[in-house]
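Here is the structure we will look at, set down as structure tokens.
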Amino acid sequence: MEYDLVVIGCGAGGLAAAVAYAEEAGADARIAVLERAPREGRGGATRWTSSWFRITADRQLDPAFIGTMERVSKGKADLEYCRTLAAETPCTFDFLDRHKVPWVYFEQPFANRNSGGGLAMPVPGGVAIVDTLAAVIDALPHAAIHYETEATALATAPDGRVNGVHVRGPDGEALLTARCVVIACGGFEGAGDMLAEHLGPRGAELPVIAPTLVNNQGDGIRLTQPLGGDVAGQFDMFHGEPVDTRSSKPDAVIYGYPFGILVNRHGQRFFDEGQDSFDATFERLGYEIWANQDQQAWFIGEKAILDWPHVADIMLTDQPPVEADTLEELAAIFGLDPQGLAQTVSEYNAAIQPGESNRRIRDGKCTKGIEPPKSNWATPIESGPFIGYPLTTAITFTFGGIRSDARARVLRHDGSAIPGLYAAGEVTGLYYGEYPAGTSVLRALTFGRIAAREAAAER
């Protein structure tokens, strides 16, 4: 069971590392990819999400990304890593093209925070990345994905170099020796003990946004700690999203909230729905629902908004909205105080200032005299039928993880690299304060490629 490369994890980062290694080292390279899930659940969060890419029309990373990372992290983020991501992004799309991963670029029809003005995404979503790159691995003569197999420990040579992985799988325990190892097994979204440790007692209450995220057990931290591995990223913060509580569909996010209002269990508004574009605030909203609203919120609006261009497209649930002819009836369905909700809506309507609304820009159509205000897209809710979606927050990934550098090397506390060990994706800590949306899968693919390049250079 000797390999040139063992990859721990089968999401975007792990698959990119395995495929790129075969490109660098040759099709006869001996590669093992470890996946905790069965075959039908392979791919981690990548498989289930839209996997948006924050790029410009000419395949460049959003030019504002590095400045945004410096600002939101208050200088804590590894900016060399961020600059490498920016420099390597076009090559990542060349890589996707070489391996026939289908993707599309489109101009966003709503106000957004990408200075490039658009987004890209694989078609029909992250599953295209997983299935296409996994097929490449399956076609290699000496490579294989080992399903229902977990890494239990890293093996090291007397000089401290990582030279294999102890694994547990359907056939029992084994040692896979390797020239190099890449860790790409996600964060600790499925580890209740770690969530409670870093997020507090209610951390373990967070549902995962996709079912196989329960397999993300913080293995990267557990595996590297005995080797003196360092950590990075904000451990008491996570990327969460407001999802429809009725849906079992992965990634059932309700992004259309700027075009209505959000209320809590008391029927009161608690969030400025128009403070910025939804791609700039949905993480902030998710955290607020979890941290301060008892994991409960409701989006309320007129049914007419679903006829506005593209609004229905950003309600990613598979459930229809709850509908009623009056606000009181809608409140009763949700178990809210009917008079309380009606009063909240009445006060909101009365506070709306004159002006035209334009969903493609931050239109400045706001409220005055109420708290919280609504800073943009403040349009009345007065003509039935009315609709609503019940919301809770689902965790997508944790911010804290192992520390790696711009060469994808895993680092010790003293800043030195652990020889033979690389990492890619959300197993590595990068974000502080806020996640600039559309960069998670992109950085996993990019640093999977870089890890492969570095590992192949050691042959």
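With 3.5 Å as the limit, one finds no donor-acceptor pair spanning the side chains of T439 and R443. Donor-acceptor pairing under 3.5 Å is recorded for the side chains of E241 and T396. With hydrogens and angles left out, the side-chain atoms of S440 and E426 include a donor and acceptor closer than 3.5 Å. Judged by distance alone, the side chains of Q108 and R360 never bring a donor and an acceptor atom under 3.5 Å apart. T379 and S357 share no side-chain donor-acceptor pair at under 3.5 Å.
Looking at I300, L306, V322 one by one, the single match for side chain to side chain contact (heavy atoms under 4.5 Å, CB included) with I387 turns out to be L306.
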Validation: residues 211-221 side-chain donor-acceptor distances under 3.5 Å, sequence neighbours left out:
from	atom 1	to	atom 2	distance (Å)
T212	OG1	W48	NE1	2.9
N215	ND2	T212	O	3.3
N216	ND2	E189	OE1	2.8
Q217	NE2	G190	O	2.7
Q217	NE2	V214	O	2.7
D219	OD1	R36	NH2	3.2
D219	OD1	R222	NH2	2.7
D219	OD2	R36	NE	3.0
D219	OD2	R36	NH2	3.0

Enumerate, atom names and distances included, each donor-acceptor pair closer than 3.5 Å involving a side-chain atom of residues 310-318, sequence neighbours excluded.
from	atom 1	to	atom 2	distance (Å)
T317	OG1	D244	OD2	2.9
T317	OG1	Q319	N	3.0
D318	OD1	S247	OG	2.7

Please list every donor-acceptor pair under 3.5 Å in which a side-chain atom of residues 123-138 meets a protein atom from a residue at least two apart or in another chain.
from	atom 1	to	atom 2	distance (Å)
D131	OD1	R42	NH2	3.2
D131	OD1	R47	NH1	3.2
T132	OG1	A128	O	2.6

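The pair R59-D97 meets the salt-bridge criterion, with a side-chain N (NZ, NE, NH1 or NH2) lying under 4.0 Å from an Asp/Glu carboxylate O. Using a 4.0 Å cut-off between a side-chain N of Lys or Arg and a carboxylate O of Asp or Glu, E88 and R83 do not qualify as a salt bridge. A salt bridge does not link D272 to K374: none of the charged nitrogens lies less than 4.0 Å from a carboxylate oxygen.
Listed by chain and number, the residues in a salt bridge (Lys or Arg N to Asp or Glu O under 4.0 Å) with E35 amount to none (sequence neighbours excluded). With sequence neighbours excluded, no residue satisfies ring-ring contact (aromatic ring centres under 6.0 Å, His included) with F271. By the salt bridge (Lys or Arg N to Asp or Glu O under 4.0 Å) test, E205 pairs with R202, sequence neighbours left out. Qualifying ring-ring contact (aromatic ring centres under 6.0 Å, His included) partners for F447, counting only residues two or more places apart in sequence or in other chains: Y81. With sequence neighbours left out, the ring-ring contact (aromatic ring centres under 6.0 Å, His included) criterion links Y147 to no other residue. Scored by the ring-ring contact (aromatic ring centres under 6.0 Å, His included) test, Y348 finds no partners at all (sequence neighbours excluded). With sequence neighbours excluded, the residues that form a salt bridge (Lys or Arg N to Asp or Glu O under 4.0 Å) with D230 are R403. The side-chain contact (heavy atoms from CB on, under 4.5 Å) check on D276 picks up A280, T281, R362, with sequence neighbours excluded.
The side-chain tip of R359 points at the ring of W308 from less than 6.0 angstrom away and within 45° of straight on.
Ring geometry for W377 versus F259: interplanar angle over 60°, hence perpendicular rather than tilted (30 to 60°).
Under the 6.0 Å cut-off for aromatic ring centres, Y105 and F53 do not qualify, their centroids lying 6.0 Å or more apart. The aromatic ring centroids of F282 and F278 lie 6.0 Å or more from each other. Here F238 and Y435 keep their ring centres 6.0 angstrom or further from each other.
For residues 285-297, no residue pair satisfies the salt bridge (Lys or Arg N to Asp or Glu O under 4.0 Å) rule, not counting sequence neighbours.
Looking only at side-chain heavy atoms (C-beta outward), Y287 and N292 stay at 4.5 Å or farther from each other. E148 is not listed as a side-chain neighbour of R39, based on a closest heavy-atom distance of 4.5 Å or more.
For the residue pair C10 and I145, the shortest heavy atom distance occurs at SG-CG2, 4.1 Å. When every heavy atom of L391 is checked against every heavy atom of T245, the shortest pair comes out as C-CG2, 3.5 Å. The heavy-atom pair separating D279 from N114 by the smallest distance is OD2-N, 4.3 Å. Taking all atoms of both residues into account, the shortest heavy-atom contact from G14 to A184 is N-CB, 3.5 Å.
Rounding to the nearest 0.5 Å places OG1 of T49 at 9.0 Å from CE of M121.
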Requested in this report: Begin with the C-alpha distance, continue with both residues' side-chain angles, and end with the deciding distance and a verdict on ring-ring contact (aromatic ring centres under 6.0 Å, His included) for H198 and F188.
Outcome: CA-CA 10 Å; H198 296 295; F188 52 90; 5.4 Å; yes
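Environment of CD in E458: crowded, with over 12 heavy atoms of neighbouring residues, nucleotides or ligands closer than 6.0 Å.
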